[in-house]
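Structure, as structure tokens:
Letters A, B, ... mirror the listed sequences (proteins, then strands); counts begin at 1.
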Amino acid sequence: MPSMAQGHGGVRNSTENSNDSYARRQNILQQRKSLPIASVEKRLADEVRKHDILIIVGETGSGKTTQLPQFLFQAGFCRDGKVIGITQPRRVAAVTVAKRVAEESGVQLGQRVGYSIRFDDRTSAATKIKYMTDGLLLREALLDPYLSRYSVIIVDEAHERTVHTDVLLGLLKKVQKARSKSGHDHSSADNKKTSNGFPLDNENGARFNGIFKQRQGGKLPPLKLIIMSASLDAHVFSEYFGGARAVHIQGRQFPVDILYTLYPETDYLDAALITIFQIHLEEGPGDILVFLTGQEEIESVERLVQERLQQLPEPIRKLITVPIFSSLPSEQQMRVFAPAAAGFRKVILATNIAETSVTIPGIKYVIDPGFVKARSYDPSKGMESLNVVPISKAQALQRRGRAGREGPGKCFRLYPESEFEKLEDSTKPEIKRCNLSNVILQLKALGVDDIIGFDFLEKPSRASIIKSLEQLFLLGALTDDCKLSDPVGHQMSRLPLDPIYSKALIVASQFNCLEEMLITVAMLSVESIFYAPREKLEEARTAMKCFASPEGDHLTLINVYRTSDEFLEKRKMEITKEKNEKLLRKWCKENFINSRSLRQARDVHSQIRGHAEQMGLCVSSCGDDMLQFRRCLAASFFLNAALRQPEGTYRALASGQVVQIHPSSVLFRAKPECIIFNELYNSLMSRVLSCNMEWEQED
DNA sequence: GAGCACTGC
């Protein structure tokens with residue numbers, strides 16, 4: 001992923017001369033002072049002192065993420081060696097914000113200010129302000145249930161309601177209760193019974209006892225909790241935390257005019273196309289951002305724009321299209337950041353990635369068709385799927401905001417205002433739209449046994465909880481009375497993987513093929529290892545054939561990984577690490593492999609290998625005996641098994657659904673009698689065409 | 001012979 005700064009400019013390293021550095025520090029000081037949050041520094045610190053829980057609603061550009069932790073540090077919240085933790089839903093945000101705050105504080109990154117994300121820890125014993133992903137803090141809680149090193153935890157972007165944020169909020173509520181109790185009498189053995197079921201009543205008590213004893217000398221101060229949200233949902237959080245105090249901080253955004261169509265559009269792609277040209281021909285300079293639902297839509301709109309451009313007279317053809325979506329290789333993603341040539345207008349065709357993850361400079365016009373591809377979950381089948389659905393009002397607001405970051409902008413909504421009114425206020429939280437196996441496994445490991453009774457911010461359906469409990473039971477992670485099994489359940493909860501993958505590792509360790517399974521699971525954990533651009537499809541196919549195994553896609557992935565490994569091994573002694581990386585990227589390009597994905601897979605591999613070794617699993621290879629390995633696959637992926645039917649389609653055993661092998665699979669032609677699959681995709685729907693656009697401006 | 005929103009540990 002390219003570096004996608006949030007809010008602030010980049011960071012320079014500290015090798016500049018002192019004059020330059022002085023000017024720069026003055027500049028930073030000015031910028032900090034001009035932020036809306038600057039005027040309420042004292043008040044905010046007081047609020048945090050007075051209230052153990054505080055909700056902060058801060059609009060975009062308020063400076064809350066960078067400034068509040070610094071205010072609290074100055075106000076003395078890091079005394080006694082305690083740390084202020086700030087969680088972010090995304091890795092890039094944690095990194096870029098930490099860099100900015102380190103610079104503002106005039107310290108080296110990793111000293112007083114640092115960040116910690118998976119595979120990349122830039123903290124030290126000196127770190128007092130620590131930015132991290134919310135998922136990482138959840139993992140940390142498994143090792144330190146009281147989160148005892150933190151005096152303050154700030155949950156940022158809570159309105160996004162990711163699974164991690166939601167689980168974290170429930171957990172923090174418990175930790176806070178447990179800590180205020182432990183503050184009075186934390187060393188008493190009675191505490192085990194009085195801590196409201198958490199976290200000391202875990203049957204896994206020995207581990208917590210250890211932490212407990214260690215703390216006898218020092219009293220644990222209450223945990224301060226700050227929930228930061230950009231939306232108007234403050235009351236949801238406030239009610240959840242027993243009527244917690246909420247404060248509002250103004251933002252700094254430029255005005256964005258909203259235009260609605262007069263009539264509903266039957267074909268939003270065509271409507272988007274017309275709007276792009278309408279803007280191009282009638283509006284002033286400024287780039288256009290179009291929100292589409294996926295790769296296919298992006299590619300087809302790109303083609304249509306090119307075609308239509310050819311029909312225009314030469315002087316007004318100055319329009320370039322740039323696609324961006326997550327599975328696009330990084331080098332191509334970076335193109336959205338390059339300014340268009342002089343006199344040209346840039347049209348960015350993006351998925352939701354541009355809604356929050358990527359901030360693209362220069363956007364003045366946003367085209368919002370009002371749809372998004374979203375995950376949904378059917379507990380009766382135990383199956384997740386992706387569907388195109390209308391966005392929520394909150395999403396529409398967020399998309400509009402993308403046009404007002406550098407100056408006033410315009411947002412073209414490809415639907416009438418009456419349709420906007422019908423949209424849901426906010427997006428359904430992810431926890432209600434996904435498989436809960438992983439969530440349940442983690443909560444169990446944290447000592448929460450009654451999942452249905454757990455105090456979720458919003459409870460997932462009972463059916464959904466029960467389905468996941470059932471799956472975990474079938475995987476052997478839970479005992480008959482729904483407790484974490486020993487050792488399988490505990491081992492699975494420690495692995496940062498989908499429970500099925502964790503199970504596969506444990507099974508493989510017993511049948512001497514853990515080495516193969518570690519590679520498989522790492523490769524399955526990342527997205528789209530193979531990258532086949534449409535224009536080079538044939539070449540890509542030939543390249544893939546070198547790796548293909550007649551025994552299936554899993555073995556094919558092992559071949560890719562091992563070939564890349566051998567490639568690196570051969571050159572290891574000769575050159576530097578950077579050069580090595582560069583060579584690997586070149587190798588990937590030649591073999592039509594997404595180098596970012598392979599890099600990720602290598603990271604995952606080394607991390608889970610470390611975990612497996614720590615657990616005492618036996619890391620050995622089955623050599624050429626792939627039957628053994630395939631048996632292990634079958635023994636762990638049985639929830640994803642399908643049998644061939646007479647007409648050549650397959651029936652998924654767990655859900656009864658009729659499915660097909662994807663044409664990109666090496667088994668597409670072979671059609672074996674029994675297969676295990678990793679994922680099920682929906683097939684696409686067709687569209688109708690229409691035209692005719694009239695606009696109406698909001699009052 | 002068809003096509004995979006976005007995150008995260």
Determine, using ring centers only, whether Phe371(A) and Tyr268(A) are less than 6.0 Å apart.
yes
dC9(B) P sits how many Å from Leu446(A) CG, rounded?
17 Å
Sugar-phosphate only, base, or nothing, as touched by Leu136(A) at under 4.0 Å among non-hydrogen atoms:
sugar-phosphate
Reckon Ser326(A) has a side-chain N or O less than 4.0 Å from the OP1 or OP2 of dC6(B)?
yes
Which is true for Arg541(A) with a 4.0 Å heavy-atom rule: it touches a base, it touches only sugar-phosphate, or it touches nothing?
base
Considering only dA5(B), dC4(B), dC9(B), which nucleotide approaches the side chain of Ser528(A) most closely?
dC4(B)
Which nucleotide in the list dC9(B), dG1(B), dA5(B) gets nearest to the side chain of Gln295(A)?
dA5(B)
Measure from CZ on Arg303(A) to P on dG3(B) and round the result to the nearest Å.
14 Å
Separation of Asp156(A) atom CG from dT7(B) atom P, in whole Å?
17 Å
Give the nucleotide from the list dG3(B), dC9(B), dA5(B) with an atom nearest to the side chain of Lys373(A).
dA5(B)
Which of Leu518(A), Leu514(A), Val619(A) passes side chain to side chain contact (heavy atoms under 4.5 Å, CB included) with Ser509(A)? It is Leu514(A)
Tell me which of Glu527(A) and Phe668(A) sits closer to the 5' end of DNA chain B, going by the nucleotide each one is nearest to.
Phe668(A)
When all nucleic acid strands are considered with a 4.0 Å heavy-atom cut-off, which category describes Thr133(A): base, sugar-phosphate, or nothing?
sugar-phosphate
Glu296(A), nearest nucleotide to its side chain (from dG3(B), dT7(B), dG1(B))
dG3(B)
Can you list every side-chain hydrogen bond (donor to acceptor under 3.5 Å, both in side chains) pair that touches residues 519-530 of chain A, not counting sequence neighbours?
none
Below 4.0 Å: OP1/OP2 of dA2(B) and any side-chain N or O of Ser664(A)
no
Quick check: on DNA chain B, is the nucleotide nearest Leu497(A) upstream (toward 5') of the one nearest Arg375(A), or the reverse? Name the residue that is more 5'.
Arg375(A)
d(CD, Gln398(A); C1', dA5(B)) in whole Å:
15 Å
With sequence neighbours excluded, tell me which residues meet side-chain hydrogen bond (donor to acceptor under 3.5 Å, both in side chains) with Glu160(A).
Arg90(A)
Looking at Arg91(A), does any N or O in its side chain come under 4.0 Å of the phosphate oxygens OP1/OP2 on dC9(B)?
yes
Before we go on, tell me: are the rings of Tyr561(A) and His605(A) under 6.0 Å apart, centre to centre?
yes
Rounded interatomic separation in angstrom, taking CG from Leu292(A) and P from dC6(B):
12 Å
Between Arg90(A) (CZ) and dC6(B) (P), how many Å, whole number?
13 Å
Rounded distance (Å) that lies between atom P of dC9(B) and atom NE2 of His164(A)
8 Å
Rounded to the nearest Å, what distance is computed from the CG atom of residue Asn352(A) to the P atom of nucleotide dA5(B)?
11 Å
